[in-house]
Amino acid sequence: MLNFWLIAFLCATVSFRSRILQTINEPTGIDVFRSTTFYIYFALLLLSLLLSCLSDQPPLFSHAVKETNPCPESGASFLSKITFWWITKLLVQGFKRPLEEKDLWCLNSEDQSQKVVPQLVRCWNHECSKVKRTSEKTVYSPKRSAVERSRGEKDRPPMEESEILLVKSSQNTSEPSLFLALCRTFGPYFLVSSLYKIVHDILMFVGPEILRLLIRFVNDGSAPYWQGYFYTSLLFVCTCVQTLILQRYFHVCFVTGMRLRTAIVGAVYRKALVITNAARRTSTVGEIVNLMSVDAQRFMDLITYINMIWSAPLQVILALYFLWQNLGPSVLAGVAVMVLMVPVNAVIAMKTKTYQRNENRTKHIWLKSHILNGIKVLKLYAWELAFRDKVSKIRESELRVLKKTAYLGAVSTFTWVCAPFLVALSTFAVYVMVDEKNVLDAQKAFVSLALFNILRFPLNMLPMVISSMVQASVSMKRLRVFLSHEELDEDNVNRKAIAGCEINVLIPEGSLVAVVGHVGSGKSSLLSALLGEMHKQDGAVSIKGSVAYVPQQAWIQNATLRENIVFGRERKESWYQSVVEACALLPDLEILPAADATEIGEKGVNLSGGQKQRVSLARAVYCDTAVYLLDDPLSAVDAHVGKHIFDKVIGPQGLLQGRTRVLVTHGLSFLPQADLILVMVDGEITETGSYLELMGRQGAFADFLRTYANTEQTEEEPGELGSFLMKGACCLKPNIHFFPFISPLLSELSISSYQSMRARLYHSRIDILLSKEPLHNYRYTITKFIILRMIVYFLCLLKVKLSVFWEYMKAIGICLSCISIFLFLCHHVASLGSNFWLSRWTDDPVINGTQPYREMRLSIYGALGVAVFCYSISVSIGGILASRYLHETMLYNVLRSPMAFFERTPSGNLVNRFSKETDTIDSVIPSIFKMFMGSMFNVLGACAVILIATPLVVIIIPPLGLLYFFVQRFYVASSRQLKRLESVSRSPVYTHFNETLLGTSVIRAFGDQQRFIHESDGRVDLNQKAYYPSIVANRWLAVRLEFVGNCIVMFAALFAVISRDNLSPGIMGLSISYALQVTASLNWLVRMSSELETNIVAVERVKEYGDTEKEAEWTLEGSKPTTGWPTAGHIEICSFGLRYRDDLELAIRNINVIIEGGEKVGIVGRTGAGKSSLTLGLFRIIEASEGEIRVDGVNIANMGLHDLRSRITIIPQDPVLFSGTLRMNLDPFDGYTDEEVWRTLELAHLKNFVSGLPDKLNHECAEGGENLSLGQRQLVCLARALLRKTKILVLDEATAAVDLETDNLIQSTIRTQFEDCTVLTIAHRLNTIMDYTRVLVLDKGQMAEFDSPASLLAKKGLFYKMAKDSGLV
């Protein structure tokens, strides 16, 4: 409607002008009636135009608006939109009280993930298909069905020639273009900004032209005053229109940037859910989070300035055109200077791109992610310093590159900041020296100077835009590579039953199938194949009905226990209660603080291993599917619990009776109850049949049973589901028909390498030692209460304290900070001096058509202008020094934090600190600081010049300054809260993504991809809900502050017009040319001050880890233990008790035990009895609340933590390996010789395996050690213990989750190699400790029994009951 009235009004204006001219020139020939009606019509048109600028009230009952808090933008009027008045209500709210999440509006529908992400995905898929089509455009091959392809060779029709051609021609080297996909998605909307930019650029040159008219007016004493007032009004209107158009331009750019980030995050998330496991290993969690945080942010930053690529040359061309009009051919000298600058900056840009390509940052974040995932192991082994040094080494190489980039940036800044002045100097010099008659008067000098000032902005911005484009191109390449990764083929598993398949194994409906085999036999690979998680080379896999999957390592979400079990399904109370009871979770619900409403921490930190496994099983059972794939769900649970679960859930009489169940297990006692047993050897099914049939054959199964039956007796403990590191190809060749639910035909399912074979669920894992004690007094969980407390904490920080700036200055160095500020001052004073000198020069009298002293004037002008630009280098180097100091401090503080800190701090937050915040401190803050200082001195200099020229302005500047200050403070109150809300809501995006990456196999198995995508989109939208108002608030502020600048321009011109008799043209020209700069400088100052305040939050967030609680000192000089301590391994525990937090009850209490040197002591008890708490106390992971522990007579509380932890050794339940060489994983300090390491590997039964590796000890372990099987990882942990060979060894359920073969190897090695050492074993398998010296039985945190196993069995107490449950008595 507005457009219609505007066009109608513009068209009528032509007629209106004609009628006015006719009235003036031919007053006699006027038709009064027609003229009167036309003027009324014109007035009504104007009124309609004005009314259309106002908005209509929304209808009282509207079906269109469904949001509870819709964004007011859509209903705002035209005037409200162009001035951003519609956000004022929110800003007032933020000024009165801290903003909360409920105050934020819903996102506009066109900005929401559900609309933006599919557009980008569609365009990207189009690009990918275009590349594929290019390679296959001339080739035809009929698609053959899976059934046809799975027929025997004799039935197979000959391969067609066209099919062969297709295969050969598909080797294509071109890559799909992410750039084109982004252009197609966001280009049309972004083009609007280009239109705004063109209009704004043209309006920029109106100012100098009006300045020319004003100087002419001052020179011409006879000119009427109304001309001066008209020019002043015209100048004010033009600058205001320029402001409104510029802010609309920025608004479109920022909204595009916001949508771009949403789309990239969404596309990366969706891709992460479908990439193959082989592709997944090429991108670690840290790298993918980097794509979402750093790379997406770089695109957002670039979008704002990308138009400068064409706008800057346009501005330069227009400026040079007007300069030619003003100074003639002399301007060519200036052009020559600019042309000479181009190659210099081209070389700098190329070198910068080379440095940007370095991979140190990715390595740095990658290593950090591993350290955070394995922090428990670092603390238990006292390896923090070794890994800190590794990080510091990578960080130093990263900083060296940053330093080189800073030097190049300083040279670039020097050349480009000098450029406008050198252009002016060379142009003026040539102009006055070529011809004596060329007089440099005020009109020529200051109109030229105003044009040179316009020239300064594009020339300053261009290098920054080029630098941003270089960074963005690197980011785009990384994103393209990730989005191009191979995806899982949906055809790997056909979800419809296939009739007529070759059947090798017939499984009746609802049968229980057990899969058994040694380590590396391919049991997990079989389940992976059924899930479609592996690369299918041939054959077919078909599953009828829905599938539930239980991985060996339980995947737990950061949600309530109930939400973990229900897993997005409809809540059925009676079924839910049956499932909880059957999975033995009722006793756990009683001891959890809020029963099933208890918030489970990230990666299930506040559940024990057994509890996590049972929750994982309960999730699968609750989903009530047709097919259950159970990958050793009975691992890490006590024997009696395992028996209960088998009987109540998996077994013939369990909840799952009548369903098809494929159970991978090492629990031999369960096998007689299985309907069918599949025996796997080297990736093939060698035997199938019932238990009795297989026993009768005396084959591989019978050998397997004979080997382990005596060892296991009736323990229901499971085994390792890993596989060996495969060399070459390993084939799974089962031809199985699960009828009617599963019918896979895996005729030749080959795996090219171990990487594609192992479809591991977990790639990295933080296993907090604390988590094994789910006691009622254990509350270190990330509950909603704590999250709310965190948000309140952030919101309460209503002002970035000056202390943060002070901390940053101290990090730079006070001396260097002062020098930088002094150099800034010198540069700007010299710049002001040169322009003032120019004004004096233009006022020189003209004698005989020429100006005297012009050589002297020119030389001093040049000397003042070329000021030293060392400040650029000093600020950049200062930024690097600060970055190094802050990073080292944060890394040290994080490593010094206790385990409780890692438990309640989501890893997303920590990764965010080490990636996003560190990147901000490295590269963003120094450049913002430079621009902020430059803008501030420009504004102060302009005000000083205007005051000197027209002292009357002193009446106006104070109130305008107060208005400026008030508006900014008013804005900052809300802006900072919006920024903090945005920061708080950003971490959950990364945390959820991290969580999803660990559970992709489970999510895909349950078919819940869409639900998780919806959850991720919701979190991104919540983050953008806080970001969108903050960018609109920036525009709101800029409009108002630029209005203040426009007022300064108007008053400077107005007072110059009023006092023209007392003003020289030179001073007036200087005053107004500086006033014209004020608007741009004020706008830039506001932007930079806001950017500085919001980005300095990164320093605050990095520094806050210095104030968190810390562990005791690593080393204490006064109480270092003697060399060789402990010599005997004598342990005395006196009245010992500990609690997990000061306000909680004791977790264990009144423990009094004396263990002699060399004794072997087993520690047993039900879940939650306090077994692991005792270990925590021995390693001082948690400090004692009462009593003490003495080792060889020394109170461990008086020692440094590293002195203690390095002298005792633990083999943890979950083996954690770090990315790096095998040797580094065994000996990170390089304290042992290669011979000692090889000897250790031999004792750990790993020598043959490591000898067979191409790189031997330098073999690179993958993230989490996943290119080794679980059993091999546990043997590596055993090798660590053998290498250290301390007098005290602790086994924390070290064999609970490994197969019997590995268990035997570990136990035999411990008995022989640690014969003279004190061994403490927390045991689930009681048979492993029956030959120990004594057994400590704990119950409810107290010592229940402590004696030899034989004596305890005779007493028939707690230990006897546990042994009976395990079938040992």
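Between the side chain of Tyr1332 and the backbone N or O of Glu1159, no donor-acceptor pair lies under 3.5 Å. Judged purely by atom type and a 3.5 angstrom limit, Lys1160 uses its side chain to pair as donor or acceptor with the backbone of Cys1317. Within the 3.5 Å criterion, the main-chain N or O of Gly1129 finds a donor-acceptor partner in the side chain of Asp1192. Between the side chain of Arg1207 and the backbone N or O of Trp1125, at least one donor-acceptor pair lies under 3.5 Å. Side chain of Lys1287 to main chain of Asp1316: a donor-acceptor pair is present (N/O by atom type, distance under 3.5 Å, no hydrogens or angles).
In this view, Asn1258 and Thr1221, Asp1255 satisfy the side chain to side chain contact (heavy atoms under 4.5 Å, CB included) rule, not counting sequence neighbours.
Each of Arg1180, Arg896, Lys379 was scored for a side chain to side chain donor-acceptor pair (under 3.5 Å) with Glu1111, with one residue passing: Lys379.
Closest approach of Val377 and Arg1280 over heavy atoms only: CG1-NH1, 3.8 Å. Nearest approach of Ile1196 to Leu1178, heavy atoms of both residues: CD1-O, 3.6 Å. When every heavy atom of Cys1277 is checked against every heavy atom of Tyr381, the shortest pair comes out as O-OH, 4.1 Å. Residues Gln613 and Asp632 approach most closely at NE2-O, 3.9 Å, considering heavy atoms. When all heavy atoms of Glu1113 and Leu1116 are compared, the closest pair comes out as CB-CD2, 3.9 Å. Closest approach of Thr1286 and Ser1206 over heavy atoms only: CG2-O, 3.9 Å.
Put simply, CD on Glu1235 and CH2 on Trp1238 are 11.0 Å apart, with the number rounded to the nearest 0.5 Å. Taking CG of Leu378 as the start and CG of Leu385 as the end, the distance is 10.5 Å to the nearest 0.5 Å.
Looking only at side-chain heavy atoms (C-beta outward), Arg1205 and Ile1181 come within less than 4.5 Å of each other. Looking at heavy atoms from C-beta onward, Val1290 lies out of side-chain contact with Ile1208 at the 4.5 angstrom threshold. Proximity of Leu1201 to Phe1179: side-chain heavy atoms (C-beta onward) are nowhere separated by under 4.5 Å. Counting only heavy atoms from C-beta outward, the side chains of Leu1338 and Ile1151 approach each other to under 4.5 Å.
Applying the 6.0 Å contact sphere to OH of Tyr1232 captures more than 12 heavy atoms from other residues, nucleotides or ligands. Heavy atoms from other residues, nucleotides or ligands lying under 6.0 Å from CG of Asn1248 number 12 at most.
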(request) Would you check, one step at a time, whether the test side chain to side chain contact (heavy atoms under 4.5 Å, CB included) holds for Phe1249 with Leu1275? (result) CA-CA 11 Å; Phe1249 167 69; Leu1275 291 175; over 6 Å; no
(request) Decide yes or no on salt bridge (charged side-chain N to carboxylate O under 4.0 Å, His left out) for Glu396 and Arg884, but give the supporting numbers first. (result) CA-CA 8 Å; Glu396 280 306 312; Arg884 176 191 282 131; 3.0 Å; yes
(request) Verify side chain to side chain contact (heavy atoms under 4.5 Å, CB included) between Val1161 and Ile1131, making sure each step is shown before the conclusion. (result) CA-CA 11 Å; Val1161 177; Ile1131 301 173; over 6 Å; no
(request) Apply side chain to side chain contact (heavy atoms under 4.5 Å, CB included) to Thr1240 and Leu1246, showing your working. (result) CA-CA 9 Å; Thr1240 298; Leu1246 281 171; over 6 Å; no
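Between Arg1311 and Asp1331 a salt bridge is recorded (basic side-chain N to carboxylate O distance below 4.0 Å).
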